Amino acid sequence: MSHPAELLSAYLDGEVTPDERRRVVEHLARCGTCYVDLESLQAARAALRSLPILDLPVDLMPRERHRVVPLRRRPAVWVGAAAAAAAAFVALATTFAPAPGLNVTVNDLSRPASARASIDPSFSSAKVVLPPLPTFPEAGQ
Amino acid sequence: MKTRLAALVAVVLASLVLVPAPAWAGDTVGDHLEIASRAEYSGEQVVSCQTPDGVKNAVYTLMQKDGKLYVSVEVDATTTVVVGGGSYEVRNADGSVSVTSVEGAGTVDMGVRYDSQDGAIEQYLGREAVPVDIMQGALRRARMTFDAETGALLRTQIYNSNGSLYCETRFVKFVPGEPAVAAGGGSTTQPLAAATDSDLPKKVAGFSELDLFTFNKDSVMAYYSDGLFSFTLLHSARSVQVAEIANAPEVKVGDYKYKRWFGPGQVVYVWDSEVGGLALLGDLPLDMQEQVLGKLPFPKKPNVIVRIIQSLFN
């Protein structure tokens, strides 16, 4: 099965059919990339939901008489400073931001490890890792 | 007189030839394990481990036939995992099988690091059984209990260096005799390619590197064993992220912090070092975990600027 990227969002919303849900769950159990994608999607949604709802300040509301703004103004000093700071931030972020990591699941590690351990005389079931189903939230939650 | 003597010699010789040695008659634990590997049986096993994160349990179905041990577990209603003889198979309800297979280069003799002492015959699951203590110097590191009739390994207890029990693997249902092993359907096999070179150490705290595999094209995976315990070390030039513990708090081991995951019988450590990302998976008792980590590249401590910048991206 290819990566069901288009189904992850619908899965979180509980808007998948039972068959699609089964496909997504089975795929997530084996695919670390999609599992991480699902977590990122859920984290982004949670972050959006946690944003406060603010009242619009009175002075930003439409007025009957609009102030006339000159067509040309000299940019304030702080605009230049802010631009310089932003450029510095981008440079720092580019330099120190982590490189793309190697994303795996415990199952990705345990498959070859358990296979190799099963050759040894001391092999036992304690050397096998259960492929853990990811602890992602139930659909619709 | 000569006739009687000849008859007596014949009887003695016949008794030596005709009376089979008991299945457990091994001199070393290696002999016991060799005999155990030839036993045929089926049953259910429980693995239970006392970890710093609480008790971790699992139940497995076991079958052994033709020298191959099949450990299976029903992941859900449609998936079964079967491990044995160098392969890890995921069997799906539609009959398709996905296989990860390896070819091991060798094994380590447990006798190099451990001694063994047979105990008196005891009863286990209503059967005669032989307990064998695996000693690391004066420390009892493990106790293996073998079935006296078939030689099968019925129970394994693993101890920490302070004498506390770390893990126990034991049959709760044991049926001697040839099991019916279900054949898998069409399979997709992913053999792990052997790697020839790595920067990983060949010896780590009494463990020897036995095999080296290529993992995900740009990383390597090394398999270490001391004959009793084993671990696999993943090394990547990139930072390694394990999904299940991506957001887990770090735990301090020795003077350094790692991300850690405990399962029934296995532990995973993940960290970034000066030589790249590392992930360890193994069945080591608690004190051996610290010993092994102490001989591997340590986690690096990013400077303040890097931590601030990285926190914005994590």
Side-chain angles (χ1 to χ4, degrees), chain A residues 1 22-23 25-40 42-43 88-136, chain B residues 30 33-34 37 45 47 58 60 62 69 71 73 75-76 78 81 83-88 100-102 104 107 110 153 156 167 169 192 211 213 215-216 219 221 223 225 227-228 230 232 234 236 238-244 246 261 263-266 268 277 279 281 283 305-306 309-310 313:
Chain A
M1 179 180 175
R22 183 183 59 77
R23 282 172 52 210
V25 170
E26 286 180 358
H27 185 84
L28 288 169
R30 296 173 183 75
C31 178
T33 304
C34 284
Y35 176 62
V36 171
D37 286 348
L38 184 76
E39 280 199 332
S40 303
Q42 193 198 19
F89 174 78
V90 169
L92 277 173
T94 306
T95 305
F96 292 107
L102 174 60
N103 294 314
V104 297
T105 64
V106 172
N107 196 26
D108 293 332
L109 299 174
S110 70
R111 269 181 166 235
S114 298
R116 176 57 186 83
S118 72
I119 296 172
D120 286 346
S122 61
F123 175 58
S124 74
S125 51
K127 291 179 184 283
V128 177
V129 181
L130 289 163
L133 291 173
T135 55
F136 47 82
Chain B
L33 289 171
E34 169 63 25
S37 70
Q45 237 180 23
V47 178
Y60 299 86
L62 259 76
L69 177 64
V71 179
V73 61
V75 179
D76 54 33
T78 61
V81 169
V83 184
S87 75
Y88 185 109
T100 301
S101 66
V102 301
T107 58
M110 199 186 295
L153 180 56
T156 304
C167 281
T169 305
L192 255 72
D211 288 306
F213 304 106
F215 184 88
N216 207 28
S219 305
M221 193 175 244
Y223 179 77
S225 173
L228 179 58
S230 60
T232 303
L234 171 65
S236 174
R238 298 183 275 161
S239 173
V240 176
Q241 304 288 332
V242 177
E244 287 84 348
W261 175 93
Q266 297 279 314
V268 174
L281 180 146
D283 63 344
I305 294 175
V306 172
I309 297 294
Q310 289 188 345
F313 291 88

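Below, all heavy atoms of this structure are taken into account, side chains as well, without hydrogens, waters or symmetry copies. Predicted model, so just to flag it, every value in this text is computed and none were measured. Chain naming here is simple, since letters A, B, ... match the order of the sequence lines and numbering starts at 1 in each.
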Q.
Please identify, among B:S219, B:G30, B:S230, B:S225, the residue contributing the most non-hydrogen atom pairs under 4.5 Å to chain A.
A. B:S230
Q | Polar side-chain atom of B:Q241 near backbone of A:G101 as donor-acceptor pair, under 3.5 Å | A | no
Q: Kindly indicate whether the side chain of A:S110, heavy atoms from C-beta on, has any atom under 4.5 Å from the side chain of B:Y88.
A: yes
Q) Do you know the tightest heavy-atom contact between B:E244 and A:V106? A) OE1-N, 3.1 Å
(Q) What's the separation between atom CG in B:D283 and atom OG in A:S114, rounded to the nearest 0.5 Å? (A) 10.0 Å
Q. Atom CG in B:D211, atom CZ in A:R116: separation rounded to 0.5 Å?
A. 4.0 Å
(Q) Is there a side-chain contact between B:Y223 and A:I119 in this structure, where contact means two heavy atoms from C-beta onward sitting under 4.5 Å apart? (A) no
Q) Side chains of B:S239 and A:L102: does their closest heavy-atom pair fall under 4.5 Å? A) no
Q.
Please find the pair of heavy atoms, one from A:P112 and one from B:V102, that lie closest to each other, and give the distance.
A. O-CG1, 4.3 Å
Q) Tell me, do A:L109 and B:M221 make a side-chain contact under 4.5 Å, heavy atoms counted? A) yes
Q. Can you name the nearest heavy-atom pair linking A:S118 to B:V83, along with the distance?
A. CB-CG1, 4.0 Å
Q.
If you define the side chain from C-beta out and look only at heavy atoms, does anything of A:D108 sit under 4.5 Å from B:V242?
A. no
